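Before any comments, here is the structure.
Just so it is clear, the model here is predicted, and its values are computed rather than measured. Numbering of ligands and ligand atoms starts at 1, following listing order.
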Amino acid sequence: MLNIVLFGPPGAGKGTQSELLVKKYQLLHLSTGDILRGEVKAGTALGTTAKSLMDAGKLVPDELIIGMVENKVKDNQRAEGFIFDGFPRTVAQAEALDEMLSKYQDGINGMVSLEVPKDELVQRLLKRGETSGRADDQDPNIIEQRINEYNDKTAPVADYYRKQHKFFGIEGVGSIEEINEKISAAMDKMASV
Ligand code: B4P
């Protein structure tokens with residue numbers, strides 16, 4: 001199994017890179033943002049709770065996210081491994097992920113963190129907002145809130161993996177292909193340990 005956490009602020013390229021990596025490495029893409037948007041679309045109770053928080057640029061409560069991810073991991077035990085995209089976003093989520101994988105004698109091989117300056121993040125998200133229909137990509141104040149939420153609650157997750165010597169920082173500015181090459185090199189290194 002090869003289990004990777006793809007990490008970075010909103011707009012860093014996590015979703016974009018995950019799509020390429022799952023094909024290349026035959027892994028399962030588990031994006032909590034995509035799952036939540038699916039729940040919103042389906043009009044479930046979870047989706048209703050999540051929508052107002054997502055539209056405001058706030059994180060959805062840990063207990064809802066952890067339960068949701070646990071179900072996906074349980075349902076896909078035959079996968080070759082996972083790319084966790086947008087998860088974990090808090091230290092509590094990172095601890096819960098280790099606990100759930102340990103039930104299957106498994107764990108995280110490494111975290112790849114995409115590093116992108118704030119101005120570039122804002123530009124990318126506003127550009128996506130022109131076509132995505134996502135309320136959280138259209139308003140500069142909401143984007144600012146998402147970046148603040150990242151700095152306050154999510155950035156500390158990097159230290160969680162750094163302490164375990166599983167952290168790989170990657171420059172996330174450049175062409176999508178160039179960045180993909182750098183991530184692939186980090187993943188190949190993780191797979192060979
Ligand atoms: P996500 O769906 O994870 O939102 P995101 O961070 O905006 O996506 P991503 O980072 O994948 O987008 P990408 O850079 O690829 O979460 C949305 C919301 O859901 C959160 O705010 C929160 O409310 C909730 N949520 C999700 N997970 C949660 C959790 N675990 N706990 C609590 N709440 C949670 O793409 C951005 C744009 O950049 C694209 O248009 C892309 O084309 C462009 N781009 C990508 N790479 C580029 C490059 N190299 N150069 C130029 N442009 C590039």
Atom indices of ligand 1 within 4.0 angstrom of K58 heavy atoms, with elements
22 (C), 23 (O)
Please assess E19 against K14 for the test salt bridge (Lys or Arg N to Asp or Glu O under 4.0 Å), listing each intermediate value before the final yes or no.
CA-CA 9 Å; E19 276 179 34; K14 303 182 294 285; over 6 Å; no
Determine, using heavy atoms of K127 and all atoms of ligand 1, whether some pair is separated by less than 4.0 Å.
no
So, D137 and R146, do they make that salt bridge, N to O below 4.0 Å?
yes
Distance from atom 39 (C) of ligand 1 to nearest protein heavy atom, with residue and atom:
R128 CD, 3.8 Å
Would you kindly specify which portion of I65 sits under 4.0 Å from ligand 1, judged on non-hydrogen atoms: side chain, backbone, both or neither?
side chain
Can you list the ligand 1 atoms lying under 4.0 Å from a non-hydrogen atom of R37?
2 (O), 17 (C)
Run the ring pair (Phe, Tyr, Trp, His ring centres under 6.0 Å) test on Y25 and F82 for me, step by step, so that the C-alpha distance in whole Å, both residues' side-chain angles and the decisive distance to 0.1 Å come before the verdict.
CA-CA 10 Å; Y25 290 89; F82 290 91; over 10 Å; no
Please state which option from E178, R89, R146 has its nearest heavy atom closest to atom 16 (O) of ligand 1.
R89
Which residue and heavy atom of the protein sit nearest atom 41 (C) of ligand 1, plus the separation:
T16 OG1, 3.6 Å
Report, in ascending order of atom number, the atoms of ligand 1 lying under 4.0 Å from any heavy atom of I179.
49 (N)
Would you mind listing which atoms of ligand 1 come within a distance below 4.0 Å of any non-hydrogen atom of R134?
2 (O), 4 (O), 7 (O), 17 (C)
How far is atom 33 (N) of ligand 1 from the closest protein heavy atom, and which atom is that?
V60 N, 3.1 Å
Residues two or more places apart in sequence or in another chain: which of them pass side chain to side chain contact (heavy atoms under 4.5 Å, CB included) with E95?
V91, Y160
Step by step, work out the salt bridge (Lys or Arg N to Asp or Glu O under 4.0 Å) result for E70 and K103.
CA-CA 11 Å; E70 195 148 27; K103 287 182 197 157; 2.8 Å; yes
Counting non-hydrogen protein atoms only, what is the nearest one to atom 14 (O) of ligand 1? Give residue, atom name and distance.
G13 N, 2.5 Å
Under-4.0 Å salt bridge between D75 and K72
no
Please identify which atoms of ligand 1 are closer than 4.0 Å to at least one heavy atom of T32.
26 (C), 27 (N), 28 (C), 29 (C), 30 (N)
What verdict does the side-chain contact (heavy atoms from CB on, under 4.5 Å) test give for V157 and F7, after you've listed the backbone C-alpha separation in whole Å, the side-chain angles of each residue and the deciding distance to 0.1 Å?
CA-CA 9 Å; V157 177; F7 189 73; 3.9 Å; yes
Test item: R134 side-chain N/O and G129 main-chain N/O as donor-acceptor pair under 3.5 Å
no
Does D55 pair with K51 as a salt bridge, N-O distance under 4.0 Å?
yes
With a 4.5 Å cut-off on side-chain heavy-atom distances among I, L, V, M, F, W and Y, is there a chain of contacts connecting M1 to L6?
no
Among the heavy atoms of G11, does any lie under 4.0 Å from an atom of ligand 1?
yes
Once rounded to the nearest 0.5 Å, what's the spacing between atom CD1 of I35 and atom CG of D85?
9.5 Å
Between ligand 1 and G174, is the shortest N or O to N or O distance under 3.5 Å?
yes
Against heavy atoms of G86, which atoms of ligand 1 measure under 4.0 Å?
27 (N), 28 (C), 29 (C), 30 (N)
Going by the 4.0 angstrom heavy-atom rule, the piece of T90 near ligand 1 is neither
Short list, please: which atoms of ligand 1 are under 4.0 Å from a heavy atom of Q93?
29 (C), 30 (N), 31 (N), 32 (C)
Q26, M187, E80 screened by side chain to side chain contact (heavy atoms under 4.5 Å, CB included) with L2, the one that passes
M187
Would you say the side-chain atoms of S113 pair up with the backbone N or O of G8, donor to acceptor, closer than 3.5 Å?
no
Element-labelled atoms of ligand 1 that are located less than 4.0 Å from some non-hydrogen atom of F87:
30 (N)
Atom 44 (N) of ligand 1 [closest protein heavy-atom partner, distance rounded to 0.1 Å]
R124 CD, 3.9 Å
Looking only at protein heavy atoms, identify the closest one to atom 10 (O) of ligand 1 and say how far it is in Å.
K14 NZ, 3.0 Å
Taking atom 18 (C) of ligand 1 as the reference point, the nearest protein heavy atom with its distance
M54 CE, 3.9 Å
For atom 25 (N) of ligand 1, closest protein heavy-atom neighbour:
L36 CD1, 3.5 Å
